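For reference, the structure is listed below as structure tokens.
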Amino acid sequence: MKVNHKRGNRQWILSSILCLLPLFVSVLLYEKLPEQMAVHWNMAGEANGFLTKRVGAWIVPVFLFGIHLAVLVQAERGDADRQAARMTKLLCMWLIPVVSVMLVPASLYLAAGYQLEMNRIVLSVIGVLFVVTGNYLPKNMQNSGIGYKLPWALADADNWNKTHRLAGKAWVAAGFLLLIFAMTGGGTGWLLMGICLAVLLLPAGYSFFLYQR
């Protein structure tokens with residue numbers, strides 16, 4: 001028990017350090033950044049959202065770190081009854097740090113004048129995260145902290161398991177579709193939004209169908 005506790009603390013520390021690593025890139029590139037730097041791009045790779053370089057370089061990484069801590073706390077709550085799958089908790093542990101260490105430096109280098117296709121980078125990162133998440137969702141045992149926490153799924157283990165098996169397939173399929181868009185340069189913002197809504201609503205609807213049946 002003590003070994004697992006120490007390992008958990010070590011992962012907390014390592015994942016938090018990874019989440020904050022982009023601050024070193026901020027230090028390296030800060031003088032090269034324009035006063036207004038792009039932080040959001042449309043599907044054509046055109047910047048359509050901007051922040052001051054002070055916010056983009058310093059506040060965004062710290063904000064992501066705050067989200068990371070919030071996710072960890074939620075994962076720990078889900079562990080209270082020891083039902084959340086270990087790999088799902090690991091996914092929660094490393095999800096935000098990986099996003100931070102890949103996307104924040106990319107946006108900083110792009111703002112500093114380096115040539116990057118940000119839309120393809122973003123779609124690739126999201127696609128990989130979807131595929132990884134989809135592989136772990138079916139292993140996520142019934143719990144109150146992580147997953148599709150619908151009342152009827154929490155009350156019925158069979159409903160929970162079937163819902164998360166379907167969710168896993170949906171997330172993996174969506175991830176590969178996003179990776180195809182990243183490689184081909186296809187897709188639109190509305191299509192991306194539709195894919196995200198589908199992976200959220202399809203399993204929830206299926207779960208409700210099982211409940212009503």
Side-chain angles (χ1 to χ4, degrees), residues 8 11 15 40-43 64 66-100 102-103 119-213:
Q11 289 178 345
S15 62
H40 190 273
W41 298 262
N42 61 25
M43 293 297 292
L64 289 174
I67 296 177
H68 170 59
L69 293 182
V71 170
L72 290 182
V73 170
Q74 181 66 14
E76 287 298 315
R77 287 179 58 191
D79 189 39
D81 55 359
R82 302 185 181 279
Q83 294 301 309
R86 187 178 72 89
M87 294 308 297
T88 304
K89 288 181 287 184
L90 284 176
L91 182 64
C92 291
M93 180 83 68
W94 296 101
L95 178 64
I96 301 299
V98 169
V99 170
S100 177
M102 294 182 72
L103 295 187
N119 59 324
R120 296 195 178 197
I121 294 174
V122 171
L123 285 178
S124 297
V125 172
I126 296 175
V128 170
L129 290 176
F130 269 48
V131 171
V132 173
T133 301
N135 274 283
Y136 290 130
L137 275 173
K139 303 172 187 176
N140 188 32
M141 294 179 291
Q142 200 174 22
N143 72 92
S144 59
I146 305 169
Y148 287 78
K149 301 177 292 181
L150 302 165
W152 45 85
L154 289 171
D156 182 355
D158 186 58
N159 186 304
W160 175 280
N161 292 333
K162 289 181 178 179
T163 297
H164 284 76
R165 281 198 294 269
L166 177 65
K169 294 177 182 178
W171 281 68
V172 170
F176 279 118
L177 189 58
L178 292 174
L179 288 173
I180 291 173
F181 288 155
M183 290 185 289
T184 62
T188 64
W190 286 108
L191 184 57
L192 176 59
M193 185 179 299
I195 291 173
C196 293
L197 286 175
V199 298
L200 292 175
L201 298 179
L202 181 62
Y206 177 64
S207 179
F208 185 71
F209 167 76
L210 293 175
Y211 169 68
Q212 293 284 17
R213 190 174 60 179

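Given the structure is predicted, the values throughout are model-derived calculations rather than measurements.
- Residues L137 and Y148 approach most closely at CD1-CE1, 4.5 Å, considering heavy atoms.
- Judged by distance alone, the side chain of S207 and the main-chain N or O of P203 form no donor-acceptor pair under 3.5 Å.
- Taking CG from N140 and CG from N161, the interatomic distance works out to 9.5 Å, rounded to the nearest 0.5 Å.
- With hydrogens and angles disregarded, no donor-acceptor distance shorter than 3.5 Å links the side chain of H164 to the backbone of M141.
- Residues R213 and K162 share a closest heavy-atom pair of NH2-NZ, 4.1 Å.
- Heavy atoms only, all atoms of each residue included: C196 and F130 are closest at SG-CZ, 4.1 Å.
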Subject >> side chain to side chain contact (heavy atoms under 4.5 Å, CB included) between F181 and N119, intermediate numbers included >> reply: CA-CA 10 Å; F181 288 155; N119 59 324; over 6 Å; no
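- Formation of a donor-acceptor pair under 3.5 Å by the S100 side chain with backbone atoms of I96 is not found in this model.
- Summarising the geometry of A182 relative to L123, their closest heavy-atom pair is CB-CB, 3.8 Å, with the distance given to 0.1 Å.
- A donor-acceptor contact shorter than 3.5 Å links the side chain of Q142 to the backbone of A153.
- Heavy-atom minimum distance, W171 versus V199: NE1-O, 3.5 Å.
- Of the inter-residue distances, the one linking L179 atom CG with M183 atom CE reads 6.0 Å to the nearest 0.5 angstrom.
- Closest non-hydrogen pair, L72 versus S15, comes out as CD1-OG, 4.4 Å.
- Between the CD1 atom of I195 and the CG atom of L177 there is a distance of 4.0 Å, given to the nearest 0.5 Å.
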Subject >> Test side chain to side chain contact (heavy atoms under 4.5 Å, CB included) applied to L95 and V71, step by step >> reply: CA-CA 9 Å; L95 178 64; V71 170; over 6 Å; no
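- Between the OH atom in Y206 and the CG atom in N159 there is a gap of 8.5 Å [rounded to 0.5 Å].
- Once rounded to the nearest 0.5 Å, the distance linking CG of L210 with CG of D156 reads 8.5 Å.
- Taking the six-membered ring for Trp and thresholds of 30 and 60 degrees, F208 and Y211 have ring planes inclined between 30 and 60 degrees apart.
- Taking CG from L197 and CG from L192, the interatomic distance works out to 9.5 Å, rounded to the nearest 0.5 Å.
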